[in-house]
Every structure is written in C-alpha cells, then in structure tokens.
Amino acid sequence: MEPVYDRETGKLTLLKYDSNGDGKPDTFSYMDGVVVVRIEIDQDGDGRIDRWEYYGAGQKLERVGFSRANDGKVDAWSYSNADGSTARIEISSARNGRVDRTEYYQNGTVVRAEEDTDGDGKVDKWEQYDGTHLASVAFDTTRRGTPDRRLVYDADGGMRIEVDPNGDGHFVAATEPVQASRPRN
Ligand SMILES: [Ca+2]
Ligand SMILES: [Ca+2]
Ligand SMILES: [Ca+2]
C-alpha cells in the first residue's frame, strides 16, 4: 500500500495497492483524508483502469463505472438495487461524461431505455423490451416532449407503426405511408 499525500495540506489523497502482487499497482483509492471518494481498479492487469467505484456519504458505493470499449476511458455507470442487482445503467455515447442513454433493468435484463439522440438534453426516444426482444420504440420527432410516433414489434419480427398526433398518450395505427427503418438496439 503506497500512500500519496497532498503536498500543501498533508492530507491523504491516494492509496495505491498491488492486489495481485505482480509489482504493479492495480487499485487506486482516491481519498479525502480518511474518506474514500473513488476507487479505480485495473481488474485484468492490462495497465488500464476498467472499474470505477464512486462512494457517497457514509462510504456507500453509489455507482460503478466501466469502459464499454475497455480502453481505460469510463463511459457507462451502473446503479444497483439494495439486493445488488442492476437497477439502471447510464451511458455516455459520445464518451464525454454526458449521459444520453439510460437503461432500466429488472432481474438482470433491460426492460426499457430512454435516450436523447439529438443532444438537446431531453429524452426523444423510448424503448420497451419484452424478455429479450425489443417490443416497441417511440420517438418524439417534433420536440414536444412526448412521443408522437411508435414502432411496435411482434415476437416474430413483424412491425407496425402507430402515431399519437395530439400527444394525449393514445396511439393509433398510422394511416399515411411512413418511411421507417428498424432502429438499432
Ligand atoms: Ca498488480
Ligand atoms: Ca484493465
Ligand atoms: Ca433530445
């Protein structure tokens, strides 16, 4: 365990630890004195951080960051339920720390997701999952804050388009021909 202290205040700021004894530190505990703020871990020993643990009041683990490209850059954060199961995952698609997609989980699988696809800070795409398959995707194409168009998928791959013209949450089958392609998951 190698402690690092702030030169001016003398406060403990970092603890480096070599957990597997290969001579290289792989666990970096960022400290505010005796309080753990964040722990960065290189679990696979490739020299790049792959797990970020963020601690809040009472030394409670609040979220765990990971790198979807495994390149040492954090771009997603997982929040857990009290029983340890995943509650939701927030994703920064642009990898700039700004969350634009949130996936909600139940029993280990994603049940729905929300996404801000145009970066204006408002959700404009909503996905619903049924088991492992995408059940529907709704879009706010008019920036009114609620979905106006919805693609509904059958389990066998069939798809229909529904619209909610006046925004009351009631969707009806689209009557006019609409251009639509199956969105990526
Ligand atoms: Ca090590
Ligand atoms: Ca690593
Ligand atoms: Ca948006």
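Counting convention: from 1, in listed order, for ligands and their atoms alike.
Of all N, O or S atoms in Asp118, the one lying closest to the Ca ion (ligand 3) is OD1. Restricting Asp44 to its N, O or S atoms, the one at the least distance from the Ca ion (ligand 2) is OD1. Of all N/O/S atoms in Asp124, OD2 sits nearest the Ca ion (ligand 3). Shortest distance from the Ca ion (ligand 3) to Asp116 is reached at OD1 (N/O/S atoms only). When the Ca ion (ligand 1) is compared with the N/O/S atoms of Asp18, atom OD1 turns out nearest. With respect to the Ca ion (ligand 3), Asp120 has OD1 as its nearest N, O or S atom. Closest approach between the Ca ion (ligand 2) and any N/O/S atom of Asp50 involves OD2.
Heavy atoms only, all atoms of each residue included: Trp77 and Val99 are closest at CZ3-CG2, 4.0 Å.
Relative to the six-membered ring of Tyr79, Arg88 meets both conditions, a distance below 6.0 Å and an angle of at most 45° to the axis.
Looking at Thr117 and Asp124, their side chains do bring a donor and an acceptor atom within 3.5 Å of each other. Side chain to side chain, Gln106 and Tyr104 fail the donor-acceptor criterion of an N or O pair below 3.5 Å. Defined by atom type and a distance below 3.5 Å, a donor-acceptor pair is present between the side-chain atoms of Ser93 and Asp100.
Residue contacts to the Ca ion (ligand 2): Arg48 brings an N, O or S atom closer than 3.0 Å. For the Ca ion (ligand 3), the set of nearby N, O or S atoms under 3.0 Å includes one belonging to Lys122.
At the Ca ion (ligand 1), the vertex angle linking O of Lys24 with OD1 of Asn20 is 160° (nearest 10 degrees). Put simply, the angle at the Ca ion (ligand 1) from OD1 in Asp22 to OD2 in Asp26 is close to 170°, to the nearest 10°. With the Ca ion (ligand 2) as vertex, Asp42 OD1 and Asp46 OD1 subtend 90°, rounded to 10°.
In this structure, the side chains of Arg101 and Glu127 come closer than 4.5 Å at one or more pairs of heavy atoms.
The environment of CG in Asn107 is sparse: at most 12 heavy-atom neighbours from other residues, nucleotides or ligands sit within 6.0 Å.
Salt bridge status for Arg68 with Asp75: present, with a side-chain N to carboxylate O gap under 4.0 Å.
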